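Since the model is a prediction, treat every value here as computed from it, not as a measurement. The figures here come from the full heavy-atom set of this structure, side chains too, leaving out hydrogens, waters and symmetry mates.
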Amino acid sequence: MSHPHPELKAAPPLPEGGLRVIALGGLGEIGRNMTVFEHAGKLLIVDCGVLFPEETQPGVDVILPDFTSIRDRLDDIVAVVLTHGHEDHIGGVPYLLRERSDIPIVASKLTLAFLEAKLKEHGIRPRTVRVREGDRRSFGPFDCEFVAVNHSIPDGLAVAIRTGAGMVLHTGDFKMDQFPLDDRITDLRAFARLGEEGVDLFLTDSTNAEVPGFTTSERELNPAIEQVLRTAPRRVIVSSFASHVHRIQQVLDAAHQHGRKVAFVGRSMVRNMGIARDLGYLKVPSGLVVNTKELEKLPDHKITLVCTGSQGEPMAALSRMANRDHQIRIGKGDTVLLASSLIPGNESAIYRVINGLTRWGAHVVHKGNAKVHVSGHASAGELVYCYNIVKPRNVMPVHGEWRHLQANGDLAIRTGVDPDRVVIAEDGVVVDLVDGRASITGKVPAGYVYVDGMEVGGVTEASLKDRRTLGEEGVVTVVAIVDADTGALAEAPDFLARGFAHDDTTFEPVIPVIEKTLATAAAEGVGNAIQLEQLIARAVANWAFRTYRRRPLIIPVIIDA
């Protein structure tokens with residue numbers, strides 16, 4: 001298995017007739033999926049998503065792929081193909097279109113509808129090309145055929161890209177539910193037909209590659225969801241991703257069956273379900289959905305609320321309910337149904353919310369105690385099936401952290417793919433398909449680009465480090481009035497501290513430290529205010545660590561007397 005090496009340099013020019021593949025996001029992380037294909041001087045992009053920040057990235061709204069390597073080639077982009085409408089695949093599109101607004105966006109009906117609603121908020125009207133499974137369209141030197149795949153959002157597509165260098169099959173996010181709620185299964189006949197023609201490079205979804213067996217069918221959740229809506233004594237509050245149309249369909253059907261009314265709560269949920277209903281992806285029995293005004297007239301046992309968070313993440317509204325700062329007041333006898341996944345890394349936060357809701361008297365039903373959620377991704381058994389059907393010549397696992405990519409690569413090898421032709425890459429690694437062989441040839445910049453409020457890319461690792469310090473260690477401002485002639489303190493310094501242990505006497509011991517620092521500086525002829533500020537900052541930081549084992553952010557201010 002070929003792995004990237006830290007000493008990789010910039011890739012050489014692409015050999016004539018070759019195909020270059022660079023993931024700018026989605027490899028080594030779950031999110032900000034974006035893959036750039038280069039052939040015959042043109043670029044085709046598949047997906048352009050965002051990554052949601054972790055606790056170590058305070059104040060960041062979302063994280064984008066790094067467009068640096070394509071910025072001077074924006075005019076060479078022939079299209080952006082979107083495989084499905086999840087944020088981690090479409091959330092970065094507005095930021096790419098800010099750099100060139102007329103790039104054609106190619107996607108299925110629901111994906112385009114979700115994207116257009118998002119772009120409207122950014123004031124962008126995209127050039128769109130609507131496709132569906134079975135369609136074949138050319139964009140520059142890329143001949144794209146679209147194949148139906150099943151996922152946790154309707155209208156997902158895989159894409160087969162035929163080029164002079166060979167054929168690539170990119171699955172997008174997919175699973176192989178044999179009884180999907182919309183009866184639209186992953187088209188394995190098309191996978192087999194493409195395999196017969198010859199797939200030179202297979203990019204496969206790795207998210208669940210470590211999970212043995214097959215992903216459970218969505219239909220198997222019906223009994224557990226139905227039981228909640230049948231037996232709940234009072235209100236049922238359902239939390240789900242604002243894009244999980246199938247799961248919300250199951251809730252609507254069960255609510256209707258048991259004589260309950262449903263209200264959607266949260267901007268993204270109301271918007272997306274309106275779109276899904278208008279386009280026919282969500283079938284709503286007449287009179288079932290009511291607005292919050294009509295809700296107030298109904299008895300508790302007739303009420304179902306379906307909510308999500310502002311970014312579409314289901315925990316936000318629930319955590320506000322648990323903290324009592326949401327218009328929905330959770331009380332005794334309410335049932336909360338978590339019909340969504342636990343995003344890896346968020347488990348402790350989610351259990352905190354579950355405990356908070358339970359404390360107010362709610363009964364919380366989640367995937368830990370009932371069959372109310374299944375993954376949207378293929379498990380190992382399904383991936384192996386695909387390798388055996390497609391028989392690819394080269395494999396590049398995508399969409400996953402290192403452990404997922406590695407596990408997926410191992411599966412490919414076990415089905416008979418030559419280990420030298422399984423490429424485990426990370427963001428920014430350049431993979432070239434030349435003469436039928438895929439190999440790593442270099443790398444391009446692919447750092448995290450942080451969006452903070454309206455600012456894109458202004459937040460750096462250094463400023464995040466300052467934010468973490470502020471959050472964990474506090475800040476101390478030292479205002480020192482220095483006699484310009486002697487370089488000594490004209491009066492005792494002022495200390496302003498936030499988030500750092502202090503009372504009126506805390507900083508008395510550090511005054512002699514500052515005096516000594518200034519005396520040494522004067523003796524050495526250092527009179528420049530900026531240098532003096534740095535010396536004082538270091539002296540105070542060392543003192544704070546020695547005395548309190550804390551590393552606050554020190555802001556020194558020197559005023560000439």
Nearest 0.5 angstrom please: [X] [atom1] to [Y] [atom2], how far?
{"X": "N272", "Y": "K118", "atom1": "CG", "atom2": "NZ", "result": "9.0 Å"}
{"X": "I389", "Y": "F191", "atom1": "CD1", "atom2": "CZ", "result": "8.5 Å"}
{"X": "E38", "Y": "I70", "atom1": "CD", "atom2": "CD1", "result": "11.0 Å"}
{"X": "D177", "Y": "T186", "atom1": "CG", "atom2": "OG1", "result": "8.5 Å"}
{"X": "D76", "Y": "L43", "atom1": "CG", "atom2": "CG", "result": "5.5 Å"}
{"X": "Q327", "Y": "L305", "atom1": "CD", "atom2": "CG", "result": "9.0 Å"}

Set of salt bridge (charged side-chain N to carboxylate O under 4.0 Å, His left out) partners for R100, sequence neighbours left out: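 Salt bridge (charged side-chain N to carboxylate O under 4.0 Å, His left out) list for R100, sorted by chain: D102.
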
[X] side-chain N/O to [Y] backbone N/O, donor-acceptor pair under 3.5 Å:
{"X": "N369", "Y": "V365", "result": "no"}
{"X": "N394", "Y": "D200", "result": "yes"}
{"X": "S69", "Y": "P445", "result": "no"}
{"X": "K175", "Y": "S375", "result": "yes"}
{"X": "E382", "Y": "M176", "result": "yes"}
{"X": "D187", "Y": "A190", "result": "yes"}
{"X": "S206", "Y": "A209", "result": "no"}

Under 4.5 Å between any side-chain heavy atoms of [X] and [Y], yes or no?
{"X": "Y448", "Y": "E29", "answer": "yes"}
{"X": "I237", "Y": "I330", "answer": "yes"}
{"X": "I45", "Y": "V81", "answer": "no"}
{"X": "F241", "Y": "S268", "answer": "no"}
{"X": "M273", "Y": "L282", "answer": "yes"}
{"X": "K367", "Y": "L338", "answer": "no"}
{"X": "L119", "Y": "L97", "answer": "yes"}

So that I can tick it off, tell me whether [Y] and [X] are bridged by a salt bridge, with the cut-off set at under 4.0 angstrom between side-chain N and carboxylate O.
{"X": "R267", "Y": "E121", "result": "yes"}
{"X": "K443", "Y": "E426", "result": "no"}
{"X": "R136", "Y": "D143", "result": "yes"}
{"X": "E220", "Y": "K371", "result": "yes"}
{"X": "E133", "Y": "R184", "result": "yes"}

ring-ring contact (aromatic ring centres under 6.0 Å, His included) contacts in which one or both residues fall within residues 112-145, not counting sequence neighbours: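 Pairs touching residues 112-145 that pass the test: Y95-H122.
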
For [X] and [Y], work out which heavy atoms get closest and say how close.
{"X": "V398", "Y": "L27", "answer": "CA-CD2, 3.3 Å"}
{"X": "D410", "Y": "M1", "answer": "OD1-CE, 2.9 Å"}
{"X": "H244", "Y": "S240", "answer": "CB-OG, 3.6 Å"}
{"X": "A380", "Y": "P212", "answer": "CB-CA, 4.2 Å"}
{"X": "V422", "Y": "A412", "answer": "CG2-CB, 4.3 Å"}
{"X": "L24", "Y": "P65", "answer": "O-CB, 3.7 Å"}

Hey, are [Y] and [X] close enough side-chain-wise for a donor-acceptor pair under 3.5 Å?
{"X": "S379", "Y": "T215", "answer": "yes"}
{"X": "N408", "Y": "Y387", "answer": "yes"}
{"X": "T111", "Y": "D155", "answer": "no"}

Taking atom [atom1] as the centre, does [X] end up with more than 12 heavy-atom neighbours from other residues, nucleotides or ligands that are less than 6.0 angstrom away?
{"X": "R414", "atom1": "CZ", "result": "no"}
{"X": "R193", "atom1": "CZ", "result": "yes"}
{"X": "Y385", "atom1": "OH", "result": "no"}

Ring pair (Phe, Tyr, Trp, His ring centres under 6.0 Å) involving Y281 - partner list, sequence neighbours excluded: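 Scan of Y281 (ring pair (Phe, Tyr, Trp, His ring centres under 6.0 Å), adjacent residues dropped) gives none.
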
Residues that H84 engages under ring pair (Phe, Tyr, Trp, His ring centres under 6.0 Å), provided they are two or more places apart: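 In terms of ring pair (Phe, Tyr, Trp, His ring centres under 6.0 Å), with neighbours along the sequence ignored, H84 is linked to H86, H89, H151.
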
By side-chain contact (heavy atoms from CB on, under 4.5 Å) - contacts of N323 (at least two apart):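 For N323 the side-chain contact (heavy atoms from CB on, under 4.5 Å) partners, ignoring immediate neighbours, are D325.
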
Audit row: I22, V444, side chain to side chain contact (heavy atoms under 4.5 Å, CB included) steps and yes/no: CA-CA 8 Å; I22 307 173; V444 301; 3.8 Å; yes

Residue among D173, V46, N33 satisfying side chain to side chain contact (heavy atoms under 4.5 Å, CB included) with T83: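 Testing each of D173, V46, N33 against T83, the sole residue satisfying side chain to side chain contact (heavy atoms under 4.5 Å, CB included) is V46.
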
Matching residue for V21 among L201, V36, L433, I161 - test: side chain to side chain contact (heavy atoms under 4.5 Å, CB included):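 Result for side chain to side chain contact (heavy atoms under 4.5 Å, CB included) with V21: L201.
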
Derivation and outcome, salt bridge (Lys or Arg N to Asp or Glu O under 4.0 Å), residues R32 and D427: CA-CA 10 Å; R32 64 171 200 149; D427 292 343; 3.1 Å; yes

Test side chain to side chain contact (heavy atoms under 4.5 Å, CB included) applied to T35 and D47, step by step: CA-CA 7 Å; T35 313; D47 291 331; over 6 Å; no

From CA spacing to verdict: salt bridge (Lys or Arg N to Asp or Glu O under 4.0 Å), R125, E116: CA-CA 8 Å; R125 291 197 56 182; E116 284 168 337; over 6 Å; no

Audit row: V93, L115, side chain to side chain contact (heavy atoms under 4.5 Å, CB included) steps and yes/no: CA-CA 8 Å; V93 173; L115 178 72; 3.8 Å; yes

Atom pairs and distances, donor-acceptor, side-chain atoms in residues 249-256, under 3.5 Å, two or more places apart:
| residue | atom | partner | partner atom | Å |
| --- | --- | --- | --- | --- |
| Q249 | OE1 | K283 | N | 2.7 |
| Q249 | NE2 | D253 | OD1 | 3.0 |
| Q249 | NE2 | K283 | O | 2.8 |
| Q250 | OE1 | R247 | NE | 3.4 |
| Q250 | NE2 | E218 | O | 2.9 |
| Q250 | NE2 | N222 | OD1 | 2.9 |

Test side chain to side chain contact (heavy atoms under 4.5 Å, CB included) applied to L318 and H326, step by step: CA-CA 8 Å; L318 278 187; H326 195 283; over 6 Å; no

Stepwise side chain to side chain donor-acceptor pair (under 3.5 Å) check, H377 with D205: CA-CA 7 Å; H377 301 272; D205 175 6; 2.7 Å; yes

